[in-house]
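Since the structure comes first, as structure tokens, the remarks are kept for the end.
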Amino acid sequence: MATIGVIPGDGVGPEVIGEALAILQDLGAAHNLGLSFQSFDLGSDRYLRSGEVLPDSVLQELAGCDAILLGAIGDPRVPPGVLEKGLLLRIRFEFQQYINLRPVQLMPGVETPIKGKGSGEIDMVVVRENNEDLYVGAGGFTRKGTPEEVAIQTSINTRAGVERCLRYAFALAEKRAKDRVFPGLSLAAREAGKRGLVSLVAKTNVLTYAHDLWNRAFEEVAPDYPSLATDYHHVDACCMRMVVAPERYDVIVTTNMFGDIITDLGAVLQGGMGVASSGNLNPERTFPSMFEPVHGSAPDIAGTGKANPIAAILSIGMLLDHLGAAEAGSSVRSAVAQVLADPNGPKTPDLGGTGTTREVGRAVREAVSRS
Ligand code: NAD
Ligand code: IPM
Ligand code: MN
């Protein structure tokens with residue numbers, strides 16, 4: 001038995017969640033997972049109607065769920081930050097979802113704008129720290145609205161918070177290396193018997209306190225994972241390398257802010273915002289984890305049927321993995337792979353097709369039912 005809290009949210013959120021949810025329901029029944037669903041009316045409509053963003057009582061109800069599925073939040077009628085901080089970030093923080101796991105995998109049949117790269121060359125995962133850094137909201141204004149105004153927003157980095165994130169990334173790289181030796185490993189690393197690679201992405205040349213802590217923790221933790229090679233890239237160089245040599249990344253571990261930025265770039269490498277999935281994980285399972293597409297509410301295409309539901313659908317694959325239903329999780333991924341690889345399969349306009357959200361959702365649903 002597992003209860004899934006569903007927050008469809010704003011814009012394209014409800015459209016893509018509708019498709020993902022239908023598939024999750026089918027899989028729940030087919031694999032006897034005993035799933036039940038509880039929908040939460042949260043987002044811009046509720047805020048505009050009542051002024052409520054996330055009442056404490058609702059947060060408590062969410063805490064009783066085994067996992068949460070979120071569409072997206074954000075609305076042009078609501079000032080920036082109200083819903084993002086009050087709802088999304090509050091859930092990430094209150095439920096200690098300190099890992100934001102964002103796979104970047106180019107699937108066959110999807111085009112990447114990166115010239116000359118195919119699906120074998122873009123297969124990395126970003127482990128984004130999700131509870132610290134600039135996102136904590138430490139700071140404030142003085143003399144706001146005057147010419148002497150000062151605005152401060154501080155990056156918080158704790159040794160414990162950094163280390164738990166690093167260890168998660170190393171353990172994940174070990175898991176990935178169980179099935180295969182990472183093909184992008186250098187010859188030297190191979191000869192040293194390494195099987196996987198963890199890349200720290202930070203800015204140690206400028207953030208000489210915060211990222212010095214990250215770098216020291218990284219170097220202290222690495223020897224506990226002897227099968228893994230490590231390297232380090234400054235975040236600016238990482239952006240360059242993700243484009244020119246994406247095949248050199250296996251697991252990237254990085255800070256909250258940098259992880260936010262490089263995973264939009266990662267989304268583009270794998271075919272766009274329409275296919276990028278994520279999980280906000282509380283690895284200890286003290287609190288529910290939350291699964292969501294990387295994309296936002298996409299107000300520019302909301303209501304047009306153009307939203308690609310694949311990102312949301314792949315997010316339920318991650319949700320199922322987290323619930324321990326690995327077989328159901330992998331059937332989501334293979335169904336998506338089948339639909340994308342089929343030259344006659346429906347695709348939404350972001351992937352160059354003319355299909356609608358519904359049609360793509362239905363095609364994946366049918367592929368799941370055949371598996
Ligand atoms: P966005 O991700 O909503 O949109 C960026 C671009 O990607 C747009 O052109 C959009 O049409 C396209 N896109 C997004 N999802 C798509 C999909 N499923 N299929 C096809 N195309 C898609 O980012 P934005 O425009 O910067 O933000 C819009 C709002 O969403 C803001 O309020 C922002 O704060 C919020 N936001 C929320 C989340 C979240 O809920 N997790 C994430 C990012 C942004
Ligand atoms: C994301 C989004 C959020 C973030 C915003 C909406 C708060 O951009 O999930 O990537 O910055 O984490
Ligand atoms: Mn983002």
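Ligands are counted one by one from 1 in listed order, and the atoms in each one are counted from 1 as well.
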Closer than 4.0 angstrom: is that true for some heavy atom of Val78 and an atom of ligand 1?
no

Between ligand 1 and Pro299, can you find any atom pair, the residue atom being a heavy atom, that is separated by under 4.0 Å?
yes

With heavy-atom distances below 4.0 Å as the criterion, list the atoms of ligand 1 near Ala72.
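So the answer, numbered in order with elements, is 40 (O).
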
Ligand-residue contact atoms, ligand 1 with Gly74, heavy atoms, under 4.0 Å:
32 (O)

Mode of [X] contact toward ligand 1 - side chain, backbone, both, neither (heavy atoms, under 4.0 Å):
X: Leu88; value: side chain
X: His295; value: both
X: Ile73; value: both
X: Pro80; value: neither

Strictly inside 4.0 angstrom of [atom], do you find any protein heavy atom?
atom: atom 37 (C) of ligand 1; value: yes
atom: atom 27 (O) of ligand 1; value: no
atom: atom 17 (C) of ligand 1; value: yes
atom: atom 24 (P) of ligand 1; value: no

Do Gly296 and ligand 1 have an N or O pair less than 3.5 Å apart?
yes

Does ligand 1 come near enough to Glu84 that some N or O of the ligand is less than 3.5 Å from an N or O of the residue?
yes

How far is [atom] from its nearest protein heavy atom, and which residue and atom name does that atom have?
atom: atom 29 (C) of ligand 1; result: Ser297 OG, 3.3 Å
atom: atom 11 (O) of ligand 2; result: Tyr135 OH, 2.6 Å
atom: atom 41 (N) of ligand 1; result: Glu292 OE1, 2.8 Å
atom: atom 2 (C) of ligand 2; result: Asp260 OD1, 4.0 Å
atom: atom 10 (C) of ligand 1; result: Asp300 OD1, 3.4 Å
atom: atom 5 (C) of ligand 1; result: Met273 CG, 4.7 Å

Is the shortest heavy-atom distance from the side chain of [X] to the side chain of [Y] under 4.5 Å?
X: Val221; Y: Glu163; answer: yes
X: Tyr232; Y: Thr204; answer: yes
X: Phe40; Y: Glu61; answer: yes

Provide the number and element of each atom of ligand 2 under 4.0 Å from a heavy atom of Arg92.
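So the answer, numbered in order with elements, is 1 (C), 4 (C), 9 (O), 12 (O).
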
Near Glu84, which atoms of ligand 2 are under 4.0 Å from a heavy atom of that residue?
6 (C), 7 (C)

Answer yes or no for Arg164 and Tyr98: cation-pi contact, defined as NZ/CZ to six-membered ring centre under 6.0 Å and angle to ring axis within 45°.
yes

If you draw the axis of the six-membered ring of Tyr135, does the NZ or CZ of Arg128 fall within 45° of it and under 6.0 Å from the ring centre?
yes

If the plane angle is over 60° it's perpendicular, under 30° parallel, otherwise tilted; pick one for Phe170 and Tyr225.
parallel

List the atom of Thr230, the atom of Ala222, and the distance in Å for their closest heavy-atom pair.
CG2-CB, 3.9 Å

Specify the closest pair of heavy atoms between Thr357 and Pro309, including all atoms of both residues, with the distance to one decimal.
O-CG, 3.6 Å

I need the full list of side-chain hydrogen bond (donor to acceptor under 3.5 Å, both in side chains) pairs touching residues 213-223, with sequence neighbours left out, sorted by first then second residue.
Asn157-Trp214, Arg159-Glu220, Asp212-Arg216

For Leu88, the option from Lys85, Arg92, Arg90 that meets side chain to side chain contact (heavy atoms under 4.5 Å, CB included)
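Of the listed options, the one satisfying the test is Arg92.
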
Can you check which of Ala307, Ala312, Ala298 brings a heavy atom nearest to atom 3 (O) of ligand 1?
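Considering heavy atoms of Ala307, Ala312, Ala298, the nearest to atom 3 (O) of ligand 1 sits in Ala298.
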
Which of these, Val275, Ile301, Thr304, Asn308, has its nearest heavy atom closest to atom 21 (N) of ligand 1?
Ile301

Pairing donors with acceptors under 3.5 angstrom, does anything connect the side chains of Glu292 and Asn280?
yes

Measuring from non-hydrogen atoms of Lys85 to any atom of ligand 2, is the shortest distance under 4.0 Å?
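It does not, in that no heavy atom of Lys85 comes within the 4.0 Å cut-off of ligand 2.
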
May I ask whether His295 has any heavy atom positioned less than 4.0 angstrom from an atom of ligand 2?
no

With heavy atoms only and a cut-off of under 4.0 Å, state how Leu88 meets ligand 2: side chain, backbone, both or neither.
side chain

Please work out, at 4.0 Å between heavy atoms, whether the side chain, the backbone, both, or neither of Arg102 comes within that distance of ligand 2.
side chain

Between Phe93 and Phe287, ring centroids under 6.0 Å
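Ring centres of Phe287 and Phe93 not closer than 6.0 Å.
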
Centres of the His211 and Phe258 rings: under 6.0 Å?
yes

How many angstroms lie between atom CG of Asp133 and atom OG1 of Thr255, to the nearest 0.5 angstrom?
4.5 Å

Rounded at 0.5 Å granularity, tell me how far CG in Leu83 sits from CG in Leu54.
10.5 Å

Would a hydrophobic clustering, with Ile, Leu, Val, Met, Phe, Trp and Tyr connected at side-chain separations under 4.5 Å, put Val243 with Val275?
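Both belong to a single hydrophobic cluster.
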
Below 2.8 Å, can you find an N, O or S atom of Asp264 next to the Mn ion (ligand 3)?
no

The Mn ion (ligand 3) to Asp260: nearest N/O/S atom name:
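Of the nitrogen, oxygen and sulfur atoms in Asp260, the Mn ion (ligand 3) lies nearest to OD1.
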
So for atom CZ, which belongs to Arg46, do other residues, nucleotides or ligands contribute more than 12 heavy atoms lying within a distance under 6.0 Å?
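Atom CZ in Arg46 is crowded, with more than 12 foreign heavy atoms closer than 6.0 Å.
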
